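Computation of the quantities below employed the complete heavy-atom set of this structure, encompassing side-chain atoms and omitting hydrogens, waters and symmetry-equivalent molecules. In this text the structure is predicted, and so the values were computed from the model without any measurement.
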Amino acid sequence: MSFLSYLINGISLGSVYAIIALGYTMVYGIAKMLNFAHGDIIMVGAFTTFTIVSTMGLSPVAGVLAAMAVCTVLGVVTERIAYKPLRGASPLAVLITAIGVSYFLQNFALLVFGSNARQFTNIITLPPLVLADGQLSISSVTIVTILVSILIMLGLTAFINKTRLGQAMLAVSEDQGAATLMGIDVNKTISMTFAIGSALAAIAGVLLCSAYPALTPYTGSMPGIKAFTAAVFGGIGSIPGAMIGGILLGVIENLTKAYISSQLSDAIVFSVLIIVLLVRPTGLLGRKISEKV
């Protein structure tokens with residue numbers, strides 16, 4: 001039963017990674033850039049919910065909706081100010097800018113909230129699920145996290161494949177120049193991509209801090225890096241790949257902490273990524289694209 005408990009908790013943690021990785025994979029797949037400030041948007045969403053629920057005393061639903069709204073606006077503004085002027089610049093310039101945005105968000109949070117850890121209030125208060133005559137107890141946070149991640153992946157897949165805006169995103173991901181000639185507003189499409197990814201980051205921040213309640217300005221840094229790893233693991237640019245990569249990463253991390261060493265868990269996780277990329281450079285579900293020159 002202990003192994004099953006570790007496995008379920010790993011799936012729950014991996015589901016959070018998967019939600020964050022969806023933001024990475026959408027932005028990369030459509031805008032062809034890596035937004036390394038994405039992890040800090042998680043932190044902004046968590047602090048927004050914390051302020052609404054714990055400080056202002058409003059309902060958890062209001063806190064989550066406010067976090068999604070704040071992160072959506074933040075994502076769009078960040079794209080418009082920091083990334084849009086670099087649309088034709090080198091990938092290195094975009095990468096440096098993303099790192100700068102990340103440090104800006106961290107230090108802004110330090111000025112506003114301070115460096116002391118805050119106790120995040122768990123907004124999911126449902127009773128746990130008890131199985132096997134009480135030998136296995138699954139917390140409500142774990143259940144909700146797994147269900148939410150599945151619903152988000154299914155909803156996002158349907159949105160991309162069935163809606164007009166989703167089809168525009170697919171067109172932009174294939175060829176921005178051709179999409180412009182077809183009458184697609186590339187700038188609007190990329191802004192919507194950042195908006196959706198940032199809203200997902202807010203949900204991930206709330207779920208992450210509900211399971212691990214210590215909240216600091218650096219809360220999103222390591223989960224953001226691991227979610228990027230999950231996106232690469234599954235095949236960056238692939239929505240199902242981000243989901244599979246996140247869950248596998250969470251399971252590997254949790255089982256490593258339980259049976260090998262909590263201090264070596266991160267090293268083992270990244271080692272697994274290196275091995276996978278050596279065998280399959282495009283990731284588990286990534287596809288190799290040939291370019292004519």
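Nearest approach of Q106 to S221, heavy atoms of both residues: NE2-OG, 3.0 Å. Residue C209 comes nearest to L215 through the heavy atom pair SG-CD1, 3.8 Å, listed as atom of the first residue, atom of the second, then distance. Shown here for S149 and I146, the closest heavy-atom pair between the two residues is OG-O, 2.7 Å. L105 approaches A37 most closely through the heavy-atom pair CD1-O, 4.3 Å. Taking both residues in full, the closest heavy atoms of M43 and A109 are given as SD-CB, 3.6 Å, listed atom of the first, atom of the second, then distance. Taking every heavy atom of both residues into account, A179 and V186 meet most closely at CB-CG2, 4.5 Å.
Put simply, CG on L200 and CD1 on I19 are 7.5 Å apart, with the number rounded to the nearest 0.5 Å. Taken to the nearest 0.5 Å, the CZ atom of F233 stands 12.0 Å off from the CZ atom of R280. Taking OG of S15 as the start and CD1 of I247 as the end, the distance is 4.5 Å to the nearest 0.5 Å. The line from CD1 of I143 to CG of L129 is 4.5 Å long, rounded to the nearest 0.5 Å. Separation of atoms CD1 (I184) and CG (L170) is listed at 9.5 Å; rounding is to 0.5 Å. Here CE of M153 is found 8.5 Å from CG of L22. Values are rounded to the nearest 0.5 Å.
In summary, the side chains of N35 and Y83 do present a donor paired with an acceptor at a separation below 3.5 Å, with no hydrogens or angles considered. Defined by atom type and a distance below 3.5 Å, a donor-acceptor pair is missing between the side-chain atoms of R80 and N187. In summary, the side chains of S139 and T142 do present a donor paired with an acceptor at a separation below 3.5 Å, with no hydrogens or angles considered.
In this structure N107 satisfies the side chain to side chain donor-acceptor pair (under 3.5 Å) test with no other residue, sequence neighbours excluded. Residues that satisfy the side chain to side chain contact (heavy atoms under 4.5 Å, CB included) test with A117, not counting sequence neighbours, are T216.
Using a 4.5 Å cut-off between side-chain heavy atoms of Ile, Leu, Val, Met, Phe, Trp and Tyr, with links allowed through other members, I41 and M222 fall into different hydrophobic clusters. Hydrophobic clustering of Ile, Leu, Val, Met, Phe, Trp and Tyr side chains at less than 4.5 Å, counting indirect connections, unites I150 with Y17. With hydrophobic clusters built from ILVMFWY side chains whose heavy atoms lie under 4.5 angstrom apart, V61 does not share a cluster with V53. Neither I42 nor I52 shares a network with the other; the hydrophobic side chains, linked directly or stepwise wherever heavy atoms of I, L, V, M, F, W or Y lie under 4.5 Å apart, form separate groups for each. In terms of hydrophobic clustering, with Ile, Leu, Val, Met, Phe, Trp and Tyr side chains grouped at heavy-atom distances under 4.5 Å, I252 and I11 are assigned to a common cluster.
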(request) List the steps, then state whether side chain to side chain contact (heavy atoms under 4.5 Å, CB included) holds for H38 with I20. (result) CA-CA 8 Å; H38 192 65; I20 305 170; 3.6 Å; yes
(message) Let's go through L7 and V251 carefully: what are the C-alpha distance in whole Å and the side-chain angles of both, what is the deciding distance for side chain to side chain contact (heavy atoms under 4.5 Å, CB included) to 0.1 Å, and is it a yes or a no?
(response) CA-CA 6 Å; L7 179 63; V251 169; 3.7 Å; yes
(request) Start with the C-alpha gap between I123 and V64, add the side-chain angles, then the distance that decides, and say whether side chain to side chain contact (heavy atoms under 4.5 Å, CB included) holds. (result) CA-CA 9 Å; I123 65 171; V64 174; 3.5 Å; yes
(request) Could you give me the CA-CA distance, side-chain angles and deciding distance for F36 and V101, then say whether side chain to side chain contact (heavy atoms under 4.5 Å, CB included) is met? (result) CA-CA 8 Å; F36 277 112; V101 173; over 6 Å; no
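Proximity of a side-chain donor or acceptor of N254 to a complementary backbone N or O of Y6 within less than 3.5 Å is detected. Without hydrogens or angle criteria, T193 side chain to T189 main chain gives a donor-acceptor distance under 3.5 Å. Under the 3.5 Å distance criterion, the side-chain polar atoms of S12 are left unmatched by any main-chain donor or acceptor of I8. At distances below 3.5 Å, at least one donor-acceptor pair connects side-chain atoms of S140 with backbone N or O atoms of L126. Looking at S102, its side chain never comes within 3.5 Å of a backbone N or O of A98 through a donor-acceptor pair. Checking side-chain atoms of T25 against main-chain N and O of A21 turns up no donor-acceptor pair under 3.5 Å.
Taking 4.5 Å as the limit, every side-chain heavy atom of V16 sits out of range of all side-chain heavy atoms of P223. In this structure, the side chains of F47 and R118 come closer than 4.5 Å at one or more pairs of heavy atoms. Looking at T256 and V269, their side chains never come closer than 4.5 Å, going by heavy atoms from C-beta outward. Two residues are said to be in side-chain contact when any heavy atoms from C-beta on lie closer than 4.5 Å; L156 and I196 meet this criterion. With a 4.5 Å cut-off on side-chain heavy atoms, L154 and F159 do not count as touching. The side-chain heavy atoms of F104 and D40, taken from C-beta on, include no pair separated by under 4.5 Å. Side-chain contact between M26 and M169 is present, with at least one heavy-atom pair separated by less than 4.5 Å. Proximity of L86 to T97: side-chain heavy atoms (C-beta onward) are separated by under 4.5 Å at one or more points.
Ring to ring, F50 and F113 are not that close: their centroids are 6.0 angstrom or more apart.
Applying the 6.0 Å contact sphere to OH of Y103 captures no more than 12 heavy atoms from other residues, nucleotides or ligands.
Annotation: side chain to side chain donor-acceptor pair (under 3.5 Å) contacts involving residues 45-72, sequence neighbours excluded, comprise S54-T121.
When I268, L248, V272, L13 are each tested for a side chain to side chain contact (heavy atoms under 4.5 Å, CB included) with E253, only one passes: L13.
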